[in-house]
Undergrad: 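Here you go, one structure.
Atoms within each ligand, like the ligands themselves, are counted from 1 in listed order. For reference, positions follow the sequence shown, starting with 1.
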Amino acid sequence: MTVAVLPGSFDPITCGHVDTARRAARLFERLVVAVYAHPKKNLMFGLDERVEMVREAVVDLPNVSVTPYDGLTVDLIRTMGADVLVRGLRAVSDFEFEYQQATLNRKLLPSLEVCCMFASVEYSFLSSSIVKEIAENGGDVSSLVPPGVRGRLDERFANRRGVQPSTF
Ligand code: ADP
């Protein structure tokens with residue numbers, strides 16, 4: 001059985017991540033979406049909330065499970081008995097980082113295969129940070145994130161008032 005792991009911060013999960021998970025779930029017998037506890041990023045959501053949002057988003061995919069993790073991704077892969085690491089690639093700008101990570105991970109775990117999946121065109125512009133910025137400024141993110149994420153962003157930014165521009 002081929003087991004794949006899709007790791008990420010998922011702060012929060014977007015429709016682009018879900019699309020990658022859905023497509024990877026068709027390729028591999030089991031897919032584990034792994035939510036990294038302590039990425040070196042300014043997080044908006046805590047680990048439990050990020051895991052919960054991912055679980056809600058992939059609930060209809062029977063061969064997909066979700067786990068939090070900390071430490072090295074290769075250690076998680078060993079623990080899971082997984083064979084493949086899946087990552088999504090949006091643009092050329094993603095490539096350099098993903099190539100470096102893939103090469104290092106294969107140095108640490110030579111049996112590992114890394115599978116980079118090109119983002120679907122409709123999500124190739126989408127990132128968690130852009131979603132947070134739109135939501136923070138009162139924009140509509142309903143076509144960019146799963147419904148549960150949208151609800152949480154709405155709650156988070158309810159009652160938020162920006163600086164009013166002066167008029168002529
Ligand atoms: P990380 O902090 O590890 O980069 P992210 O949560 O930002 O984690 O992303 C997890 C994975 O999903 C990464 O491989 C990333 O390139 C990919 N990804 C992010 N946004 C999209 C998208 N819009 N479409 C497809 N894949 C994406």
Undergrad: Tyr123: what forms a side chain to side chain donor-acceptor pair (under 3.5 Å) with it, not counting sequence neighbours?
TA: none
Undergrad: For ligand 1, which of its N or O atoms have a protein N or O partner closer than 3.5 Å, and how long is each gap?
TA:
unit_1, atom_1, unit_2, atom_2, d
ligand 1, 2 (O), Ser9, OG, 2.5
ligand 1, 2 (O), Lys41, NZ, 2.5
ligand 1, 3 (O), Arg87, NH1, 3.1
ligand 1, 3 (O), Arg87, NH2, 3.3
ligand 1, 4 (O), Arg87, NH2, 3.2
ligand 1, 6 (O), Ser9, N, 3.1
ligand 1, 6 (O), Phe10, N, 2.9
ligand 1, 6 (O), His17, NE2, 3.4
ligand 1, 8 (O), Ser9, N, 3.2
ligand 1, 9 (O), His17, NE2, 3.2
ligand 1, 14 (O), Arg87, NE, 3.1
ligand 1, 14 (O), Gly88, N, 2.9
ligand 1, 14 (O), Gly88, O, 3.4
ligand 1, 16 (O), Gly88, O, 2.6
ligand 1, 20 (N), Arg90, NH1, 3.4
ligand 1, 23 (N), Tyr123, O, 2.8
ligand 1, 23 (N), Leu126, O, 2.9
ligand 1, 26 (N), Thr20, OG1, 3.3

Undergrad: Is any side-chain N of the basic residue among Asp94 and Arg87 closer than 4.0 Å to the acidic one's carboxylate O?
TA: no
Undergrad: Given 3.5 Å as the limit, does a donor-acceptor pair link the side chain of Asn137 with the main chain of Glu133, or not?
TA: yes
Undergrad: Of all residues at least two apart in sequence or in a different chain, which pass the side chain to side chain contact (heavy atoms under 4.5 Å, CB included) check with Ser129?
TA: Ser127
Undergrad: Thr20: what forms a side chain to side chain donor-acceptor pair (under 3.5 Å) with it, not counting sequence neighbours?
TA: none
Undergrad: Parallel, tilted or perpendicular: which fits the ring planes of His17 and Phe10, with parallel below 30° and perpendicular above 60°?
TA: perpendicular
